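Note that the coordinates shown come from a computational prediction; the quantities given were computed from them, not determined experimentally.
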Amino acid sequence: MPKETRQLPTPNLEKSFEPQTFEGKLYAFWNENGCFDSYDESLPGQKSFSMVIPPPNVTGVLHMGHALTNTIQDILVRWQRMKGANTLWLPGTDHAGIATQTQVEKAIAKEGKGPTGRPLTRHDLGREKFLERTWKWKEDHAGQISNQLKRLGSSLDWKRERFTMDEGLSKAVREVFVRLYKEGLIYRGERIINWCPRCQTALSDLEVIPTDRKGKLWNIRYEIVDGEQVIGSVVIATTRPETMLGDTAIAVHPEDERYTAFHGKEARLPLMGRKIPVIVDAYVDREFGTGALKITPAHDFNDYDLGVKHKLPFISVMGKDGKITSEGGAYADLKFAEARDKVVADLEAAGVLVKVEDHANKVGLCQRCETVAEPLLSKQWFVKIQPLADPAIDAVKTGKIEFRPKAWEKTYFEWMNNIRDWCISRQLWWGHQIPAWHCPKCEHIEVALHDPSKCPSCGTSLDASNRDEDVLDTWFSSALWPFSTMGWPEQTQALKTFYPTSILETGFDIIFFWVARMIMMGIHFMGKVPFERVYLHAMVRDEKGEKMSKSKGNVIDPLTVIDQHGADPLRFTLASMAGQGRDIKLSVDRVESDRAFANKIWNATKYFHLQWNEEGSAVTMPKEGVTEWLKSREKKLHPINRWILGEVNATAREVDRALEAFELNEAANRLYQFGWLEFCDWYIEFSKQNLRKGGELRLETLYTLRYSLETFLKALHPIMPFVTEELWQSLPGISAHQFPLREKNGAPPVLTLMLQEFPKGEDFSLSEKSAAQVRIQKRFIEAIRNFRGENQLSPKKEFAVRVKAKSGSEEFVEVVRSNDSDLKSMTRLTSIEVLGALAAPGDTDALIALSEFSVDLWIDLKGLVDVEEERKRLEKEMAKAESDLNHSRGKLAKPSFVEKAPPELIEKERAAERVALEKIESLKKAVERLQALK
RNA sequence: UGGAGCGUAGCUCAGUGGCAGAGCGCCGCCUUCACACGGCGGAUGUCGUAGGUUCAACCCCUAUCGCUCCAACCA
């Protein structure tokens with residue numbers, strides 16, 4: 001028994017485009033009727049098209065960047081869906097470790113005071129309670145971002161929504177961790193890492209943002225000793241004097257003659273007194289500063305490498321708590337900043353501070369809280385990255401994955417080739433806790449899929465308290481997103497159908513954080529790349545090109561824009577700007593003009609209804625359907641109708657091609673051009689003439705309007721889903737299209753535009769003859785309008801025009817003759833008289849020279865036009881014609897051009913020359929007549 | 001320091017080896033029977049600068065200036 005078609009009541013179109021009145025209703029209708037559904041299995045031979053959303057922060061708020069990426073993705077998925085693919089666009093959110101934890105910490109800090117009167121911290125609550133709070137926070141906020149995505153019109157398959165910390169994904173994370181550990185690709189070690197003293201956690205290299213700071217360069221004298229004897233001294237510059245407490249060597253360049261005598265000797269570390277070796281290494285830049293370098297292996301990345309290379313001791317003087325450690329002697333327990341002041345003062349007192357200079361340098365700030373991150377030694381978990389990076393580099397090199405724009409591949413290679421091991425442990429509570437247990441007795445570390453109850457090495461019983469306290473970097477779970485969301489590690493049907501995903505669309509700012517890591521994990525665990533194409537969009541900035549930020553107050557909130565103008569105009573604006581390389585400078589003005597476009601289409605549809613339902617002569621749909629009806633008469637159709645049928649199909653084809661090529665801006669521009677300029681400005685105006693004539697021509701024109709409008713709405717739907725749906729719903733004779741896959745899965749037919757077939761562009765092809773006829777009519781009309789405009793003649797002023805035919809003007813004359821009444825009515829001419837080649841203009845005739853058609857138009861000026869104005873117009877025309885002539889002659893005069901240029905081009909140039917000559921001749925005579933008049 | 005991108009009409013941006021385009025803004029005229037979120041007409045550019053390749057360059061090449069971003073970094 002066939003299911004009943006789901007449908008909306010036919011809308012009554014408001015006076016103008018008012019998006020608030022229908023957007024919500026339409027989204028709910030689509031969603032409730034399963035229009036966004038994907039199916040685990042495609043039909044044999046059917047294409048699958050899948051994308052995963054870049055998961056926004058679960059407690060986040062939609063910003064313009066989200067609006068852009070989701071608009072682009074929604075356009076692609078709607079288009080593919082209409083083309084019949086089994087489309088999956090998978091929604092979900094990210095737990096966003098540090099960001100979310102920080103939000104909750106702030107909330108509890110506001111709530112109350114701890115035991116000593118300071119604000120509450122997560123430690124006052126304890127891990128378990130704090131996590132409960134965070135889960136609740138997540139539940140309270142999670143709906144927000146999803147609802148905002150719905151406001152945009154995103155056709156996400158909500159039934160498959162995922163969260164990085166839900167059960168399935170957590171299982172995948174654990175599986176990956178355990179497997180990488182067993183493969184030796186995850187290890188735990190004491191390394192130098194970036195530490196945020198405020199967040200109290202390790203950070204990956206990527207989470208530290210180098211920032212320009214005005215600093216100082218302190219020059220410190222180190223004595224060089226041989227045994228106990230002082231043999232000289234070296235001055236060393238540093239931007240971080242407090243780190244000297246942890247110096248374990250000084251380094252000079254091996255070939256630096258100034259210091260040759262000191263090779264193999266020792267330096268005495270000021271303030272601390274201990275002796276440290278002088279080492280030589282070509283790493284030292286002889287040109288910079290004094291050419292000598294102090295080495296603090298525990299607190300500087302470069303020094304760390306040198307420390308490892310030269311087997312130096314590592315002395316940690318700076319602690320995770322932001323204070324100097326006990327290794328710092330007299331400075332212990334001072335905060336870093338205090339320690340710096342005291343060290344500098346003491347150095348000065350000791351007379352070893354040689355000078356202090358201003359110096360611009362960079363410090364690394366924590367991406368989340370902008371605290372200065374300190375490099376320090378710490379025991380952390382790492383991913384050994386090279387074995388994962390190599391195949392990932394290869395995948396892009398061999399074209400298994402393609403980046404667009406292509407230039408980003410270089411950026412990708414650059415980073416991947418210099419990649420460092422990835423520090424994945426975070427000293428946070430919100431996240432995936434590392435599945436490792438530390439045996440308190442034998443110190444064995446057990447990493448396991450299932451919580452162990454005792455140490456497999458010594459049998460000591462283990463419980464939750466023995467579990468490693470750290471959680472994983474948020475990006476660790478994001479890296480698995482394309483397959484963890486589809487049920488991995490189970491071998492699900494969804495994975496078979498939808499992995500690899502078709503396209504990954506995201507911002508270039510997370511190529512390293514996310515894209516690269518997904519590629520590595522995808523290849524390693526799935527044996528296949530996670531996506532075939534990476535489409536990187538630009539950064540949305542304000543109209544001045546500045547990054548939008550709350551502190552600058554220049555944020556354009558997508559939801560406000562949607563409230564004011566609707567989702568469609570915003571989407572259209574974003575789509576037409578999506579082609580831009582790096583920056584999208586968004587202005588609300590632009591959205592407003594795209595709103596005008598929506599309004600234009602709205603009114604064009606209203607025009608259609610007005611004509612279709614004209615009182616007393618309501619039309620019915622032909623039983624074979626409009627397309628068939630028109631198709632069967634194609635060759636006999638009125639040229640204007642044939643022309644627009646060809647145009648709308650050409651537009652649909654072009655939109656399809658542009659989307660295939662990721663040229664969203666091109667698709668948007670095409671639709672705009674067609675919709676406004678061809679359809680509204682020309683076709684509708686022409687149609688008014690034909691509708692008036694009644695009979696078969698009226699019917700034919702109504703069907704042509706109906707067909708063109710529907711085809712256009714279909715082609716526009718991916719970019720402007722709401723307004724196109726609302727308008728389509730109003731059309732007479734629409735019917736539900738049921739894709740075979742939906743039918744097979746028992747989905748009911750839904751009367752919706754979003755499940756219509758995307759126009760193939762094959763129904764009608766452009767007829768050159770009709771197009772030429774329309775061109776002539778347009779040109780004629782434009783010429784008259786231009787004459788009016790330039791002479792500031794009121795549109796109401798009527799006059800007659802005479803057409804002087806010359807040889808070669810047969811087609812023009814024929815078109816003007818056979819469309820006499822239409823042309824008169826559209827230009828408000830009293831008559832159009834065609835004259836023979838021998839006719840001469842009257843004494844007071846003005847001239848419009850349409851030389852490209854070998855035609856002169858004459859208009860009697862008497863009582864019509866100011867002679868002076870007309871003379872100006874003619875002179876302007878003349879100047880243009882002369883410059884055209886010069887241009888053509890200049891080219892043709894060059895023998896090299898005539899010899900080497902392609903013949904068709906030479907012919908074109910000769911024709912242009914003839915046209916210009918003819919025009920000049922006509923214009924000359926006209927000017928002469930005007931002179932005589934004066 | 002390395003890599004990338006950009007520099008076209010007042011503004012925001014398209015663009016193609018063969019006489020420069022759009023939107024907004026601007027200037028006229030028009031409330032004409034889909035639309036004033038409208039119609040019609042108009043003005044505006046040595047296409048960053050200097051060379052080169054080519055019959056022909058805004059487009060290709062080289063250099064140069066300016067802006068932006070990314071990566072690395074000098075202690």
Side-chain angles (χ1 to χ4, degrees), chain A residues 13 15-17 210 217-218 236-240 243 250-251 283-296 300-303 359 361-362 405 407-408 410-411 413-415 418 508-509 511-512 538-539 541 543-545 565 569 573 576-577 579-587 589-590 592-611 665-666 669 672-673 676-677 680-681 684-685 688 781-782 785-796 828 876 883-884 886-888 890-891 894-902 905-906 908-909 912:
Chain A
L13 300 189
K15 257 177 79 175
S16 59
F17 169 69
L217 203 53
W218 285 271
I236 292 172
T238 180
T239 53
R240 296 199 302 156
T243 63
I250 68 172
Y283 162 78
V284 181
D285 180 355
R286 277 176 284 181
E287 307 302 319
F288 189 87
T290 59
L293 181 59
K294 67 190 228 18
I295 307 294
T296 320
D300 181 282
F301 284 92
N302 295 303
D303 292 7
H359 181 74
N361 68 327
K362 286 194 175 170
W408 290 112
K410 203 156 187 174
T411 309
F413 290 135
E414 196 85 9
W415 188 71
N418 298 301
F508 61 78
D509 50 328
I511 293 178
F512 309 141
M539 188 85 90
R541 296 169 185 279
E543 61 264 73
K544 292 187 206 106
H565 303 293
T573 301
S576 26
M577 297 186 136
Q580 291 172 31
R582 252 157 208 285
D583 297 335
I584 291 179
K585 289 176 197 150
L586 186 73
S587 75
D589 280 359
R590 179 60 194 260
E592 276 171 26
S593 74
D594 288 330
R595 176 190 180 141
F597 177 56
N599 186 55
K600 189 77 182 171
I601 299 158
W602 188 271
N603 281 292
T605 309
K606 268 177 51 197
Y607 165 80
F608 162 76
H609 283 295
L610 227 74
Q611 302 300 333
N665 57 325
E666 186 60 23
N669 289 343
Y672 190 95
Q673 294 277 327
W676 201 314
L677 304 180
C680 289
D681 286 351
I684 285 187
E685 292 313 312
K688 290 175 183 170
I781 293 165
E782 277 170 347
R785 282 177 181 166
N786 171 282
F787 176 80
R788 274 214 166 84
E790 295 261 313
N791 287 300
Q792 301 184 336
L793 276 179
S794 154
K796 285 178 190 151
R828 292 217 180 200
K876 214 168 82 186
S883 109
D884 288 354
N886 285 339
H887 179 86
S888 296
K891 270 190 169 177
K894 276 165 106 177
S896 52
F897 175 76
V898 186
E899 282 158 25
K900 296 193 180 174
L905 206 74
I906 298 170
K908 208 178 123 195
E909 214 53 63

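Taking 4.5 Å as the limit, some side-chain heavy atom of A:T411 sits within range of a side-chain heavy atom of A:F512. The shortest distance between side-chain heavy atoms of A:L586 and A:R590 does not fall below 4.5 Å. A heavy-atom distance below 4.5 Å is found between the side chains of A:H887 and A:E909. At least one side-chain heavy atom of A:K294 sits under 4.5 Å from a side-chain heavy atom of A:T243. Within the 4.5 Å cutoff, the side chain of A:F17 has no heavy atoms near those of the A:I601 side chain. Using a 4.5 Å cut-off on side-chain heavy atoms (C-beta onward), A:N302 and A:Y283 make contact.
Regarding contacts with the backbone of B:C13, every side-chain N or O of A:N665 stays at 4.0 angstrom or more from both OP1 and OP2. The phosphate of B:A43 has OP1 or OP2 within less than 4.0 Å of a side-chain N or O from A:K876. The side chain of A:K410 contributes an N or O atom lying less than 4.0 Å from OP1 or OP2 of B:A4.
The two residues A:T290 and A:I236 have their closest heavy-atom pair at OG1-CA, 3.9 Å. The two residues A:L13 and A:H609 have their closest heavy-atom pair at CD1-CD2, 3.9 Å. Closest of all the heavy-atom pairs between A:C680 and A:K600 is CB-CE, 3.6 Å.
B:U54 and B:G18 are spaced 12 Å apart, taking the C1' atom of each and rounding to whole Å. Comparing B:G23 with B:C69, their C1' atoms are spaced 27 Å from each other, to the whole Å. Remark: the separation of the P atoms in B:C30 and B:A22 is 25 Å, to the nearest Å. The gap from the P atom of B:G45 to that of B:G51 amounts to 23 Å, rounded to the nearest Å. Distance check on atom P: B:C59 versus B:G17 gives 12 Å, rounded to whole Å. B:C26 sits 23 Å from B:G21 when the P atoms are compared, rounded to a whole Å. B:A14 and B:C6 are spaced 15 Å apart, taking the C1' atom of each and rounding to whole Å. Rounded to whole Å, the P atom of B:C33 lies 14 Å from the corresponding atom of B:G39.
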Base-pair map of RNA chain B as dot-bracket, where | denotes pairing with a different strand and pairs are Watson-Crick or G-U under 3.5 Å = (((((((..((((....[..)))).(((((.......))))).....(((((..]....))))))))))))....

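If you find the closest nucleotide of RNA chain B to A:T290 and to A:P902, the one lying nearer the 5' end belongs to A:P902. In terms of position on RNA chain B, the residue among A:W415 and A:R590 whose nearest nucleotide sits closer to the 5' end is A:R590.
Counting to the nearest Å, the C1' atom of B:C69 and the CD atom of A:E414 are 14 Å from each other. The distance from atom CG of A:N791 to atom C1' of B:C27 is 17 Å, rounded to the nearest whole Å. Across the protein-nucleic acid pair, A:I781 atom CD1 and B:G39 atom C1' stand 14 Å apart, rounded to whole Å. Taking atom CD1 on A:I511 and atom P on B:C70, their separation rounds to 12 Å, with Å as the unit. Here B:C69 presents its P atom at 11 Å from NZ of A:K585, a figure rounded to the nearest Å. If you measure from atom CH2 of A:W408 to atom C1' of B:G3, you get 11 Å, rounded to the nearest angstrom. In this structure, the CG atom of A:N669 is 14 Å from the C1' atom of B:C24, given to the nearest Å. With rounding to whole Å, A:N418 atom CG is found 9 Å from B:A72 atom P.
Considering only the side chain of A:A407, B:G5 comes nearest among B:C55, B:G5, B:A71. Of the listed nucleotides (B:G41, B:A75, B:C19), B:G41 has the atom at the smallest distance from the side chain of A:R785.
Residue A:N786 is in sugar-phosphate contact alone, with no base atom involved, counting any heavy-atom pair closer than 4.0 Å across all strands shown. Residue A:E790 is classed as a sugar-phosphate contact, given heavy-atom separations below 4.0 Å to backbone atoms only. A:D594 comes within 4.0 angstrom of no nucleic acid atom, judged by non-hydrogen atoms across all strands.
Listed for the A:N791 side chain is a donor-acceptor partner under 3.5 Å among the backbone atoms of A:F787. Side chain of A:N599 to backbone of A:R595: no donor-acceptor contact under 3.5 angstrom is found.
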Could you run through nucleotides 29-38 of chain B and give me one letter per nucleotide, 5' to 3': B if any protein heavy atom sits under 4.0 Å from the base, S if only the sugar-phosphate is that close, - if neither?
-> --S--BB-BS

